[in-house]
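Down below is the structure, laid out as structure tokens.
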Amino acid sequence: MRRLHAGEVTHAADVLADAFDDDPVAAFIFRAGAPRARALRRFFRIQLQHLFLPHGEVWTVDAPSPSGSRRLAGVAMWSPADHRKATWRDALRLVPVLPAVARGPQPVDALRLLAAVEEARPRRPLWYLATLGTAPELQRQGYGSALLGPVLRRADEEGREAYLESSKESNIAFYARHRFEVVGEVHAPGGGPTLWLMLRPPRPPEG
Ligand SMILES: CC(C)(COP(=O)(O)OP(=O)(O)OC[C@H]1O[C@@H](n2cnc3c(N)ncnc32)[C@H](O)[C@@H]1OP(=O)(O)O)[C@@H](O)C(=O)NCCC(=O)NCCS
């Protein structure tokens with residue numbers, strides 16, 4: 001496990017875009033096929049480059065590659081416990097993604113959903129897992145769990161909570177293995193997907 005380097009943003013965004021291609025929230029926001037793939041790549045590139053590499057904690061892991069070249073297996077993007085709230089400046093960074101949202105299946109409901117998720121996020125200092133994704137062909141090999149490790153260990157040492165929004169019901173059991181508990185749900189307007197809000201209390205100190 002290691003921190004992502006600035007020169008790996010494009011590669012990491014590609015891995016995340018592939019991991020989230022079948023995500024119910026991505027499907028609610030972006031048109032299927034090439035438009036979704038392009039929008040996700042752009043979205044993750046902006047998030048990594050402007051929001052999470054400068055202010056956050058971005059972890060990655062190298063997968064063995066037959067050619068010997070470096071290949072990222074997955075990426076975890078965290079906001080640190082003491083990080084200030086997102087600013088207008090941060091929001092403006094995401095403007096290049098708006099045309100893809102506007103051309104999506106239901107742009108108004110999509111923006112409402114994003115606002116509701118933001119609104120539901122706790123305001124107290126905690127470790128926020130904004131994104132976790134493993135390359136589709138490398139899932140179920142332990143990379144996702146390993147990627148959570150460094151920050152969850154640190155959260156335990158600091159006695160801090162961790163928080164995430166899960167966009168797939170099937171991920172709840174995965175996160176529960178890492179001691180996250182469902183504390184709420186956000187339902188997209190117009191019969192869209194549900195997001196499960198999950199909180200992880202710090203592990204009590206041993207002894
Ligand atoms: C969710 C996600 C990050 C998990 O990553 P992963 O690399 O597959 O995670 P792991 O391999 O550590 O664990 C996944 C499951 O595989 C199991 N597993 C791990 N190693 C295994 C192995 N060698 N053999 C069989 N199963 C294994 C784990 O026990 C776990 O099972 P669980 O879901 O019942 O808890 C990944 O599925 C993903 O990227 N999904 C798409 C994007 C997404 O949904 N991200 C989360 C948004 S909230």
Side-chain angles (χ1 to χ4, degrees), residues 1-4 8-9 11-30 32-33 36-48 51-52 56-65 70-79 97 110 113-114 116-118 120-122 126-153 155 161-188 192-200 203:
M1 244 42 55
R2 62 178 179 84
R3 287 191 170 85
L4 188 83
E8 296 173 315
V9 161
H11 185 168
D14 288 352
V15 168
L16 288 172
D18 289 348
F20 280 84
D21 191 59
D22 70 345
D23 182 79
V25 172
F28 189 65
I29 299 177
F30 303 118
R36 184 183 305 157
R38 267 198 306 273
L40 285 174
R41 279 185 169 76
R42 178 170 284 183
F43 171 69
F44 287 125
R45 269 204 304 270
I46 295 171
Q47 268 205 324
L48 285 163
L51 307 180
F52 286 87
E57 291 262 344
V58 185
W59 287 83
T60 192
V61 55
D62 296 300
S65 164
R70 193 164 257 189
R71 177 169 167 240
L72 304 182
V75 180
M77 262 189 252
W78 291 90
S79 258
V97 184
L113 172 63
L114 297 177
V117 171
E118 177 77 32
R121 201 167 295 149
L126 40 67
W127 282 95
Y128 170 53
L129 179 64
T131 306
L132 172 68
T134 300
E137 70 281 9
L138 295 172
Q139 290 175 10
R140 303 193 72 80
Q141 297 180 33
Y143 288 114
S145 301
L147 278 168
L148 291 174
V151 169
L152 292 185
R153 279 194 292 277
E161 295 167 303
Y163 177 82
L164 61 86
E165 295 111 7
S166 175
S167 48
K168 277 188 188 163
E169 194 166 13
S170 56
N171 286 344
I172 291 176
F174 166 74
Y175 286 122
R177 279 191 213 279
H178 298 281
R179 303 185 56 254
F180 284 88
E181 298 157 12
V182 175
V183 291
E185 293 180 8
V186 171
H187 301 276
T194 297
L195 283 110
W196 287 269
L197 314 179
M198 301 189 76
L199 193 66
R200 178 186 184 272
R203 199 184 285 278

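Counting starts at 1 for both ligands and their atoms, following the listed order. All values derive from a computational prediction rather than experimental measurement.
Asp23 and Arg36 are not joined by a salt bridge, as no carboxylate oxygen comes within less than 4.0 angstrom of a charged side-chain nitrogen. We find that Glu161 and Arg200 are not joined by a salt bridge, their nearest charged nitrogen and carboxylate oxygen being 4.0 Å or further apart. Using a 4.0 Å cut-off between charged side-chain N and carboxylate O, Glu8 and Arg3 make no salt bridge. By the 4.0 Å N-to-carboxylate-O rule, Asp62 lies too far from Arg71 to be salt-bridged with it.
Under a 4.0 Å criterion applied to the non-hydrogen atoms of Gly133, ligand 1 contributes the atoms 39 (O). Shown in contact with Ser167 at under 4.0 Å from a heavy atom are these atoms of ligand 1, numbered in order with element: 48 (S).
Distances from ligand 1 to the non-hydrogen atoms of Gly74 include no value under 4.0 Å.
Protein heavy atom closest to atom 38 (C) of ligand 1, with residue, atom name and distance, is Gln139 NE2, 3.3 Å. Here the protein heavy atom with the shortest distance to atom 44 (O) of ligand 1 is Asn171 ND2, 2.8 Å. Of the protein's heavy atoms, Arg140 O, 3.7 Å lies nearest to atom 26 (N) of ligand 1. Of all protein heavy atoms, the one lying nearest to atom 19 (C) of ligand 1 is Gly142 N, 3.6 Å. Nearest protein heavy-atom neighbour of atom 5 (O) of ligand 1: Thr134 OG1, 3.2 Å. Taking atom 12 (O) of ligand 1 as the reference point, the nearest protein heavy-atom neighbour is Ser145 OG, 2.5 Å. Of the protein's non-hydrogen atoms, Arg177 NH2, 2.8 Å is the one closest to atom 34 (O) of ligand 1.
At distances below 3.5 Å, not a single donor-acceptor pair connects side-chain atoms of Ser79 with backbone N or O atoms of Gly56. Remark: side-chain polar atoms of Glu181 are not paired, donor with acceptor, to backbone N or O of Leu199 under 3.5 angstrom.
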**OP:** Would you sort out whether Phe30 and Phe43 count as a ring-ring contact (aromatic ring centres under 6.0 Å, His included), showing the intermediate values?
**Re:** CA-CA 11 Å; Phe30 303 118; Phe43 171 69; 7.3 Å; no
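Ligand 1 has no N or O atom lying under 3.5 Å from any N or O atom of Glu165, backbone or side chain. In terms of polar-atom proximity, defined here as any N/O pair under 3.5 Å, Asp23 makes no such contact with ligand 1. Polar contact with ligand 1: absent for Ala19 (N/O pair, distance under 3.5 Å). On a distance-only criterion, Ser170 and ligand 1 share no N/O pair closer than 3.5 Å.
Of the listed options Leu132, Thr131, Asp18, Leu132 places a heavy atom closest to atom 45 (N) of ligand 1. Compare Phe174, Tyr175, Tyr143 by their heavy atoms: the one nearest to atom 14 (C) of ligand 1 is in Phe174.
The side chain to side chain donor-acceptor pair (under 3.5 Å) test with Thr194 is passed by exactly one of Glu185, Lys168, His187, Glu169: His187.
Counting heavy-atom neighbours within 6.0 Å of Arg42 CZ, excluding the residue itself, gives a total of 12 or less.
Between Val186 and Trp196 there is no side-chain heavy-atom pair separated by less than 4.5 Å. Put simply, the side chain of Met1 reaches to within 4.5 Å of the side chain of Leu147, judged on heavy atoms.
Distance check on atom 3 (C) of ligand 1: some protein heavy atom falls below the 4.0 Å cut-off.
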